[in-house]
Novice: 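Let me give you the structure first, and then I'll get to my questions.
Only a predicted model underlies this, so the values are computations on that prediction, with no experimental measurement involved.
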Amino acid sequence: MTTGRILITGAAGFTGRHACRRFAASGWEVAAAVSPRSAKAAGLEPARTECCELTDGDAVAAMMRRLKPDAVLHLAGRNAVDFSWKSPSATLAANLMSTAYVLDGALALGGCRVLVAGSMLRTDEAALSEAAHPYGFSKTLQTAAAKAWHRWYGLPVMIAEPSNLIGPGSSGGLCGKIVRWAVSAEEAGGAAEPFRLSSLREARDFMDVRDAVEAYERVLNEGEPGRSYAIESGRFLTLAEVKSAFDELAGTELAWEIGDKAAAPSPQPRDCSPIRALGWRPRRTFRQSILDALEGEREQRRRERGGTPFASP
């Protein structure tokens with residue numbers, strides 16, 4: 001499979017918008033599923049937009065019967081640890097039950113290929129009750145469900161587990177927050193409140209969202225059903241290095257507040273040989289991702305102001 005009709009859930013989100021563009025450019029007919037509550041469905045052209053509550057099993061089944069996709073990229077869900085502490089049941093519904101309904105819909109169509117976007121924050125299934133937070137608990141169950149549907153029914157479903165995604169667009173991750181703060185500081189001539197980092201020693205893998213979407217396409221086309229694919233850049237950066245990149249690329253001097261807490265344990269590199277065996281490699285550097293994210297945020301604000309520019313590099 002290289003083209004056909006693909007259903008992309010969570011299409012109005014950070015990754016979803018990039019996925020719609022990537023798959024359309026590759027020749028897929030894209031159906032973009034968005035939440036009825038989403039106010040960000042505009043700009044998903046050339047995708048066909050479908051409004052669906054994915055925690056409603058009947059609504060998902062009806063959408064799948066109507067669209068009859070050849071493949072599904074399931075990106076939708078609650079992707080926030082903080083929210084999961086406040087509403088664990090809503091997190092489970094969004095991450096587990098929506099996945100189960102999508103898998104059921106694919107099965108009813110005779111088994112189209114499905115790629116589920118998992119999380120590197122999931123825990124070992126054997127230690128489920130020891131998950132660090134409800135979000136990790138929900139993503140562990142999501143991964144288990146995807147593998148179970150493959151084992152029970154032979155559904156050709158794969159799981160992608162990306163690292164911290166960065167790049168242009170409205171990311172809720174650390175770098176996305178810094179991007180919005182840095183551009184606000186540019187607009188204020190450097191007078192913004194300091195951005196707090198808990199430490200400078202913690203290291204993380206950051207990967208451009210566009211590279212991740214290219215990996216997703218490769219897995220959908222060539223991946224082995226039932227397998228999980230860890231996807232990373234392979235470049236772990238300390239928060240000190242992240243700070244230095246923003247200091248260099250921002251159009252004003254940035255004020256930081258650095259905590260004195262001991263650094264949180266840094267995640268260990270994962271085995272990415274399965275995705276690399278499919279021929280995928282990350283193509284964008286961290287610096288380029290941040291540069292593009294900053295310029296994307298500046299451009300978005302220029303549009304919102306009706307094209308009035310502000311000083312930026």
Side-chain angles (χ1 to χ4, degrees), residues 8-25 30 32-49 51 73 75-80 82-83 117 162-197 206-214 216 242-256 283-313:
I8 300 177
T9 70
F14 174 53
T15 304
R17 290 178 176 273
H18 288 281
C20 288
R21 287 192 288 269
R22 170 70 188 188
F23 281 86
V30 177
V34 300
S35 166
R37 298 177 300 280
S38 176
K40 301 182 294 182
L44 291 175
E45 300 83 359
R48 163 184 173 180
T49 303
C51 189
L73 175 57
L75 300 173
R78 292 281 189 177
N79 188 29
D82 289 348
F83 176 86
S163 62
N164 301 281
L165 297 183
I166 59 174
S170 299
S171 166
L174 173 65
C175 286
K177 295 175 182 176
I178 299 177
V179 164
R180 290 186 289 277
W181 165 76
V183 174
S184 293
E186 291 176 348
E187 294 178 314
E193 289 293 320
F195 192 97
R196 179 176 173 77
L197 293 173
F206 296 95
M207 180 174 60
D208 194 286
V209 63
R210 295 163 292 187
D211 286 338
V213 167
E214 291 170 10
Y216 295 168
V242 171
K243 173 183 176 297
S244 294
F246 278 97
D247 285 336
E248 174 196 352
L249 299 173
T252 190
E253 185 175 351
L254 299 175
W256 304 83
R283 299 192 296 115
R284 297 164 180 89
T285 65
F286 179 81
R287 187 182 188 280
Q288 186 63 53
S289 298
I290 298 305
L291 193 63
D292 291 348
L294 287 166
E295 185 50 41
E297 182 66 18
R298 294 171 187 137
E299 178 59 30
Q300 175 65 27
R301 298 192 189 194
R302 283 193 288 268
R303 288 196 299 267
E304 292 172 354
R305 287 194 303 271
T308 304
F310 64 90
S312 63

Novice: Strictly distance-based, threshold 3.5 Å: is any side-chain N or O of His18 a donor or acceptor partner for the main-chain N or O of Asp211?
Specialist: no

Novice: Within a strict 4.5 Å, meaning less than it, do heavy atoms of the Asn164 and Cys175 side chains meet?
Specialist: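 No, too far: nothing below the 4.5 Å cut-off.
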
Novice: Regarding Arg301 and Glu186, does a basic nitrogen lie under 4.0 Å from an acidic carboxylate oxygen?
Specialist: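 Result for this pair is no, no salt bridge flagged.
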
Novice: Got a second to check how far Ile166's CD1 is from Phe206's CZ, nearest 0.5 Å?
Specialist: 7.0 Å

Novice: For the residue pair Leu75 and Ala117, what are the closest heavy atoms and their distance?
Specialist: CD2-CB, 3.8 Å

Novice: Rounded to the nearest 0.5 Å, what's the gap from CE on Met207 to CG on Leu165? Could you check?
Specialist: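 Atom-to-atom, Met207:CE and Leu165:CG are 5.0 Å apart.
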
Novice: Measure across Gly173 and Ser171 and return the closest heavy-atom pair with its distance rounded to 0.1 Å.
Specialist: N-OG, 3.1 Å

Novice: Between Ala24 and Val30, what is the shortest heavy-atom contact and its length?
Specialist: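 Looking at all heavy atoms of both residues, the closest pair is N-CG2, 3.7 Å.
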
Novice: In plain terms, say whether Arg210 and Glu214 are close enough for a salt bridge, that is, a side-chain N and a carboxylate O under 4.0 Å apart.
Specialist: no

Novice: Please report the closest heavy-atom contact between Trp181 and Ala255, naming both atoms and the distance.
Specialist: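 Where Trp181 meets Ala255 most closely, the heavy atoms are CZ2-O, 2.9 Å.
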
Novice: Does any part of the side chain of Gln288, heavy atoms only, come nearer than 4.5 Å to the side chain of Asp208, both counted from C-beta?
Specialist: no

Novice: As an exercise, state the distance from CG of Leu294 to CZ of Arg298, rounded to the nearest 0.5 Å.
Specialist: 5.0 Å

Novice: Got a second to check how far Arg180's CZ is from Gln300's CD, nearest 0.5 Å?
Specialist: 11.0 Å

Novice: Give the ring-plane orientation class for Phe195 versus Trp256, where under 30° counts as parallel, over 60° as perpendicular and anything between as tilted.
Specialist: perpendicular

Novice: Out of curiosity, Arg48 CZ to Ile8 CD1, how far, rounded to the nearest 0.5 Å?
Specialist: 13.5 Å

Novice: Quick one: CD on Glu299 to CG on Asp292, what's the gap to the nearest 0.5 Å?
Specialist: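 Reported value, rounded in 0.5 Å steps: 12.5 Å.
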
Novice: Would you say Val242 and Leu197 make side-chain contact, with heavy atoms under 4.5 Å?
Specialist: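 The answer is no; the side chains never approach within 4.5 Å.
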
Novice: Does CD in Glu248 sit with more than 12 non-hydrogen atoms of other residues, nucleotides or ligands closer than 6.0 Å?
Specialist: yes

Novice: Quick check: closest heavy atoms across Ala32 and Ala11, and the distance to 0.1 Å?
Specialist: CB-CB, 3.4 Å

Novice: Using every non-hydrogen atom in the two residues, find where Ala19 and Leu73 come nearest and quote the distance to one decimal.
Specialist: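 Distance-wise, the nearest heavy atoms are CB-CD2, 3.8 Å.
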
Novice: Are side-chain heavy atoms of Asn79 and Phe14 found at a separation under 4.5 Å?
Specialist: no

